[in-house]
Amino acid sequence: MNKPESVMVALITGANSGVGLELTKRMLSEGWEVAALVRSPFPDDEPVIAEARQAGRLRIYRADLADFAQLREALQLIKSKEPRIDVLFNNAGVSLADMKISKQGREIHYEVNAVVPYIVLMELLPQLRQGRLKTVVNTSSNALLYKRGFETGELERPQAFKALFGPYASSKLALSLWTRELAASLLSEGIRIRSVCPGGNKTAMTANAAMPIYLRPIRQLFFSHPSKGAARVYNAAFGEGRERTGVFLNKGKATALPFAERSAEVLRKIAAVYEGEFQSESMKAGENGGGDVFHTGSFQ
């Protein structure tokens with residue numbers, strides 16, 4: 001059944017905790033419907049969440065985003081249930097204390113923080129095309145600004161691991177680089193895309209062992225409630241820069257990306273994973289992928 005045009009729908013990944021939860025609560029409080037793609041359940045002590053679930057305004061789809069089989073199943077369900085998406089918030093991410101490899105054989109930060117947002121976008125292009133706002137916001141990090149070296153060949157299997165400023169920062173840089181590179185192609189269909197740093201927030205992610213010891217006192221003193229980070233992500237979609245595309249927003253301002261000359265290379269690399277692995281497996285299973293327009297060859 002088609003939704004009334006007055007109803008606005010946002011899809012939010014990682015919507016059940018931290019910045020994602022605060023963003024979800026804000027969108028629901030403003031009358032939006034939210035499709036949430038999450039790994040874990042929502043908390044039980046949030047009245048706005050409980051009320052929205054009961055009213056059908058919050059619809060929950062579950063998957064471990066690091067597992068392509070689960071992700072594929074969840075995206076197929078979303079495509080069957082959600083005819084239109086006005087704004088896509090690729091918010092989910094990981095920050096770990098040590099090296100971990102995904103089921104697909106790639107370093108987990110790269111897989112979840114850079115590859116999966118591209119897959120989600122490509123698979124949900126038909127829904128975005130039907131949306132009114134046609135906006136995509138990818139949650140990145142200003143940790144990428146501290147990268148002094150960047151080798152795309154090491155994204156899948158880094159030679160060394162460093163908390164926060166190693167694979168995590170590299171994965172967020174890769175995310176913002178492909179966002180930058182893909183922007184012009186998406187704009188031809190009226191879709192605008194941006195990446196944004198939500199700033200330092202007191203979330204479970206920044207409280208774990210992945211936060212370097214020397215930064216933990218800074219977290220306690222200067223990091224904000226995640227509602228502030230959610231406000232930055234929200235403003236990236238609806239604020240003054242809403243007509244811009246391809247930009248990385250840090251503290252509300254478009255900020256130059258390091259290693260911008262690698263953006264096409266990063267996009268080709270990630271698109272190859274989608275087309276050669278994720279999409280091909282979907283086709284074998286007889287599913288209809290969403291990324292029939294954007295192929296790797298488009299970015300040579």
Side-chain angles (χ1 to χ4, degrees), residues 10 12-14 18-27 30 86-93 95 109 113-114 117-118 121 128 133-150 164-166 168-187 190-203 205-206 211-212 215 218-219 221-264 266-267 270:
I12 305 175
T13 68
V19 169
L21 177 59
E22 296 300 319
L23 178 63
T24 298
K25 288 159 57 179
R26 177 166 182 174
M27 301 297 285
E30 294 184 2
D86 295 287
V87 180
L88 167 61
F89 291 100
N90 268 318
N91 174 74
S95 179
H109 292 92
N113 296 347
Y118 181 86
L121 168 57
L128 280 164
L133 298 184
K134 296 181 172 63
T135 298
V136 182
V137 176
N138 292 333
T139 299
S140 189
S141 170
N142 62 9
L144 63 81
L145 298 174
Y146 297 91
K147 293 298 295 182
R148 296 295 176 261
F150 181 67
L164 191 60
F165 299 110
Y168 172 80
S170 293
S171 69
K172 291 298 189 179
L173 177 55
L175 172 68
S176 289
L177 288 175
W178 76 246
T179 298
R180 176 183 184 273
E181 187 67 19
L182 190 62
S185 295
L186 289 176
L187 189 59
I191 299 171
R192 287 174 170 80
I193 186 169
R194 295 174 281 281
S195 63
V196 59
C197 173
N201 297 273
K202 292 179 180 178
T203 66
M205 182 182 292
T206 61
M211 179 66 65
L215 288 179
I218 295 175
R219 176 192 183 274
L221 291 171
F222 299 110
F223 279 25
S224 305
H225 188 273
S227 59
K228 184 173 181 179
R232 288 189 177 184
V233 176
Y234 178 96
N235 288 336
F238 309 112
E240 293 180 0
R242 61 185 176 274
E243 296 301 319
R244 303 190 68 174
T245 192
V247 295
F248 168 59
L249 299 172
N250 184 37
K251 298 180 180 179
K253 298 180 179 179
T255 303
L257 291 168
F259 306 100
E261 70 279 2
R262 304 281 184 84
S263 59
V266 169
L267 179 57
I270 290 177

For the CZ atom on R180, are there more than 12 heavy atoms of other groups (residues, nucleotides or ligands in this structure) within a distance under 6.0 Å?
no

Nearest 0.5 Å, please: how far is CG in L267 from OG in S185?
8.0 Å

Is there a donor-acceptor contact under 3.5 Å from the side chain of R244 to the main chain of G241?
no

Are there more than 12 heavy atoms of other residues, nucleotides or ligands under 6.0 Å from atom CD of E240?
no

Are there over 12 heavy-atom neighbours, none belonging to F238, within less than 6.0 Å of that residue's CZ?
yes

Which of parallel (below 30°), tilted (30 to 60°) and perpendicular (above 60°) describes Y168 and H109?
perpendicular

The test is side-chain contact (heavy atoms from CB on, under 4.5 Å); show your working for V196 and N250 and say whether it passes.
CA-CA 6 Å; V196 59; N250 184 37; over 6 Å; no

Provide the closest heavy-atom pair for A174 versus V266 in the form atom of the first, atom of the second, distance.
O-CG1, 3.5 Å

Does the side chain of T255 reach to within under 4.5 Å of the side chain of L145, using non-hydrogen atoms?
yes

Contact check, side chains of E30 and Y234, non-hydrogen atoms, under 4.5 Å:
yes

Can you tell which of S95, S170, S171 makes a side chain to side chain donor-acceptor pair (under 3.5 Å) with N113?
S171

Tell me whether K134 contacts the main-chain N or O of L187 through its side chain, where contact means a donor paired with an acceptor under 3.5 Å.
no

Might you point out which heavy atoms bring M27 and A10 nearest each other, and give the distance in Å?
CE-CB, 3.9 Å

Under the 3.5 angstrom rule, does the side chain of W178 hit a backbone N or O of Y118 as a donor-acceptor pair?
no

Using a strict 4.0 Å threshold on nitrogen-to-oxygen distance, state whether R26 and E22 make a salt bridge.
no

Could you grab the distance from atom CD1 of I12 to atom OG1 of T24, nearest 0.5 Å is fine?
3.5 Å

Given side chains that start at C-beta, do those of R192 and L186 come closer than 4.5 Å, heavy atoms only?
no

Taking side-chain contact (heavy atoms from CB on, under 4.5 Å) as the criterion, tell me which of V137, N138, L144 meets it with S140.
L144

Compare all side-chain heavy atoms of L249 with those of S195 and state whether any distance is below 4.5 angstrom.
no

If you define the side chain from C-beta out and look only at heavy atoms, does anything of Y146 sit under 4.5 Å from P258?
no

When you compare the side chain of V19 with that of V233, does any pair of heavy atoms fall below 4.5 Å?
yes

Any non-hydrogen side-chain atom of L88 less than 4.5 Å from a side-chain atom of L121?
yes

Nearest 0.5 Å, what's the CZ-CG distance between F150 and L173?
4.5 Å

Rounded at 0.5 Å granularity, tell me how far CG in L128 sits from CG in D86.
8.5 Å

Can the positive tip of R194 be found less than 6.0 Å from the middle of the six-membered ring of F248, inside 45° of the ring normal?
no

The reported gap from CG in N91 to OG1 in T139 (rounded to nearest 0.5 angstrom) is 4.0 Å

Which value, rounded to the nearest 0.5 Å, describes the distance between T135 atom OG1 and E243 atom CD?
8.5 Å

